[in-house]
Amino acid sequence: MRKTESAAAHTPKDNRLLAALPLANLKQLLPSLEKVSLPLGMVVYESGGTQGYVYFPTSSIVSLLYVLADGASAEIAVTGNEGLVGIALFMGGETTPSRAVVQSAGEGYRLRAAVLKQAFEGGGELQHLLLRFTQALITQMTQTAVCNRHHAVDQQLCRWLLLSLDRLPGNELVMTQELIANMLGVRREGVTEAAGKLQAEGLIQYSRGRITVLDRAKLEARVCECYAVVKKEYDRLLPEVSPLTH
């Protein structure tokens, strides 16, 4: 059932970056775009590993994590249907010290590294669009670092929930407290306490690894300034593809 539905429902244009490309650029890439399933927990690429493909999520979300030597990790950014995973391939670095893991299961498309590099080096709108997305992603990484250092865990959780919701069609996320703790780089107890606060205030409902946002407006009122900074930058740089409008 899942395969039939996704085959009918998903096209490359469900990724807003691909949808924003001029038709000529998109036609150039279409023969090489390969539809892929991105299950929860799948490692898209490892720290320092070779990246053979760039990924364009459509209904999935990929988390970029920095993993320390002792195994501890913290999320530095999320990417969903507004962008791509694997900027090192066209920025010239080839590898990156971060790790990319599927945070929310779904579908996507992948493109061989050589094809993307050739298209990027051709310049034009594709190159400009990828560079603008990269600037927006860097802003998200910077703001995440500031947020993790200066704001309370419940505010970080609000930011994380809103960024995730912006990249999903519904108001429900499937995610265990342990995984959220790994994403935010905090202890599991901290996530339990933060989620409990938001649930007591009627903002979310949390049960068995399933988070349902009950009142988005209150969640936006509760979140720190970091969410608005990231949203504004994505809107500014990628107005035609931004998922951050409602």
Side-chain angles (χ1 to χ4, degrees), residues 12-22 25-26 29 38 44-45 51 53-66 74-93 96-104 106 108-111 116-117 119-120 123-151 155-156 158-169 183-184 220 223-246:
K13 284 196 171 186
D14 287 319
N15 177 277
R16 300 179 187 221
L17 209 55
L18 291 174
L21 286 174
N25 290 123
L26 184 58
L29 299 180
L38 298 171
V44 177
Y45 63 74
Q51 297 179 30
Y53 296 87
V54 63
Y55 288 79
F56 296 89
T58 53
S59 59
S60 56
I61 299 177
V62 177
S63 176
L64 306 184
L65 302 163
Y66 191 86
E75 184 177 83
I76 54 178
V78 294
T79 297
N81 64 0
E82 86 292 356
L84 59 84
V85 179
I87 63 170
L89 289 175
F90 59 84
M91 294 298 288
T96 176
S98 65
R99 184 178 193 240
V101 180
V102 177
Q103 165 192 308
S104 181
Y109 288 82
R110 70 180 188 178
L111 186 68
L116 182 76
K117 286 179 187 176
F120 181 83
E125 184 56 28
L126 182 142
Q127 185 185 86
H128 294 154
L129 194 60
L130 295 185
L131 289 175
R132 290 200 301 273
F133 167 73
T134 300
Q135 184 176 338
L137 187 67
I138 290 170
T139 297
Q140 187 189 159
M141 291 175 174
T142 304
Q143 205 65 37
T144 298
V146 172
C147 189
N148 289 349
R149 174 67 178 84
H150 292 286
H151 295 145
Q155 288 183 307
Q156 294 178 45
C158 287
R159 169 183 57 80
W160 183 84
L161 286 170
L162 286 168
L163 286 174
S164 297
L165 279 183
D166 285 339
R167 291 155 174 83
L168 293 172
M183 301 291 182
L184 298 179
E220 289 181 348
V223 74
C224 52
E225 68 200 71
C226 300
Y227 170 69
V229 170
V230 173
K231 177 184 184 300
K232 184 178 179 181
E233 192 71 347
Y234 273 83
D235 287 347
R236 181 180 77 84
L237 291 166
L238 304 169
E240 72 275 40
V241 300
S242 175
L244 310 180
T245 54
H246 305 280

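These numbers come from the heavy atoms of this one structure, side chains and all, not from hydrogens, waters or symmetry mates. The model shown is predicted, which means the values in this text are computed figures rather than measured ones.
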- line: In this structure, NZ of Lys13 is separated from CG of Asn81 (nearest 0.5 Å) by 15.0 Å

task: Fit a plane to each ring of Phe90 and Phe120, take the angle between them on a 0 to 90° scale, and name the class: parallel (under 30°), tilted (30 to 60°) or perpendicular (over 60°).
output: tilted

Reported CD1-to-CD distance for the pair Ile87 and Gln135, which is rounded to 0.5 angstrom: 11.5 Å

- line: Residues passing the ring pair (Phe, Tyr, Trp, His ring centres under 6.0 Å) test with Tyr66, sequence neighbours excluded, are none

- prompt: Is the closest side-chain heavy-atom distance between His151 and Cys226 below 4.5 Å?
  reply: yes

- line: Nearest heavy-atom contact between Ala100 and Val85 is CB-CG1, 4.0 Å

- prompt: Within a strict 4.5 Å, meaning less than it, do heavy atoms of the Val78 and Leu64 side chains meet?
  reply: no

- request: Check Gly86 against Gln51 and note the closest heavy-atom contact, atom names and distance.
  value: CA-OE1, 3.4 Å

message: With heavy-atom distances below 4.5 Å as the criterion, would you say the side chains of Met91 and Leu131 are in contact?
response: yes

task: Begin with the C-alpha distance, continue with both residues' side-chain angles, and end with the deciding distance and a verdict on side chain to side chain contact (heavy atoms under 4.5 Å, CB included) for Leu238 and Phe133.
output: CA-CA 7 Å; Leu238 304 169; Phe133 167 73; 3.9 Å; yes

field: Leu237 backbone acceptor or donor facing Arg132 side chain under 3.5 Å
entry: yes

message: Taking the side chain as everything from C-beta on, heavy atoms only, tell me whether Val54 gets closer than 4.5 Å to Phe56.
response: yes

- prompt: Has the side chain of Glu82 got a donor or acceptor atom that lies under 3.5 Å from a matching backbone atom of Arg167?
  reply: no

- request: Report yes or no: is the cationic atom of Arg110 (NZ for Lys, CZ for Arg) under 6.0 Å from the centre of the six-membered ring of Tyr45, at an angle within 45° of the ring normal?
  value: no

message: Applying side chain to side chain contact (heavy atoms under 4.5 Å, CB included) to Leu84 and Tyr55, what does each step give before you reach the verdict?
response: CA-CA 5 Å; Leu84 59 84; Tyr55 288 79; over 6 Å; no

message: Can you list everything that forms a side-chain contact (heavy atoms from CB on, under 4.5 Å) with Thr144? Sequence neighbours excluded, please.
response: Gln140, Asn148, Arg159

statement: Taking every heavy atom of Ala77 against every heavy atom of Leu137, the minimum-distance pair comes out as CB-CD1, 3.8 Å

Test item: Leu162 and Val223 side chains (from C-beta on) under 4.5 Å apart, heavy atoms: yes

query: Can you tell me how far CG of Leu163 sits from OG of Ser63, rounded to the nearest 0.5 angstrom?
result: 11.0 Å

CD-CG distance between Glu233 and Asp235, expressed to the nearest 0.5 angstrom: 9.5 Å

query: Looking only at heavy atoms, which two atoms of Tyr234 and Ala136 are closest? And how far apart?
result: CE1-O, 3.6 Å

query: Taking the side chain as C-beta and beyond, is there a heavy-atom pair between Ser59 and Asp14 under 4.5 Å?
result: no

- request: Step by step, work out the side chain to side chain contact (heavy atoms under 4.5 Å, CB included) result for Gln103 and Ser164.
  value: CA-CA 9 Å; Gln103 165 192 308; Ser164 297; 2.9 Å; yes

- request: Might you point out which heavy atoms bring Pro57 and Val62 nearest each other, and give the distance in Å?
  value: CG-CG2, 4.4 Å

- request: Find the distance between CD1 (Ile61) and CG (Leu168) and round it off to the nearest 0.5 Å.
  value: 3.5 Å

- prompt: After noting the C-alpha distance and the side-chain angles of Glu125 and Asn25, does the key distance pass the side chain to side chain contact (heavy atoms under 4.5 Å, CB included) rule?
  reply: CA-CA 8 Å; Glu125 184 56 28; Asn25 290 123; 4.2 Å; yes

- request: Taking the side chain as every heavy atom from C-beta outward, state whether Val229 and Thr142 have any pair of such atoms under 4.5 Å apart.
  value: no

- request: List the atom of Leu29, the atom of Ala119, and the distance in Å for their closest heavy-atom pair.
  value: CD2-CB, 4.0 Å

Separation of Leu129 CG from Leu21 CG (nearest 0.5 Å): 5.5 Å

- prompt: Does one side chain, of Tyr227 or Asp166, offer a donor that lies under 3.5 Å from an acceptor on the other?
  reply: yes

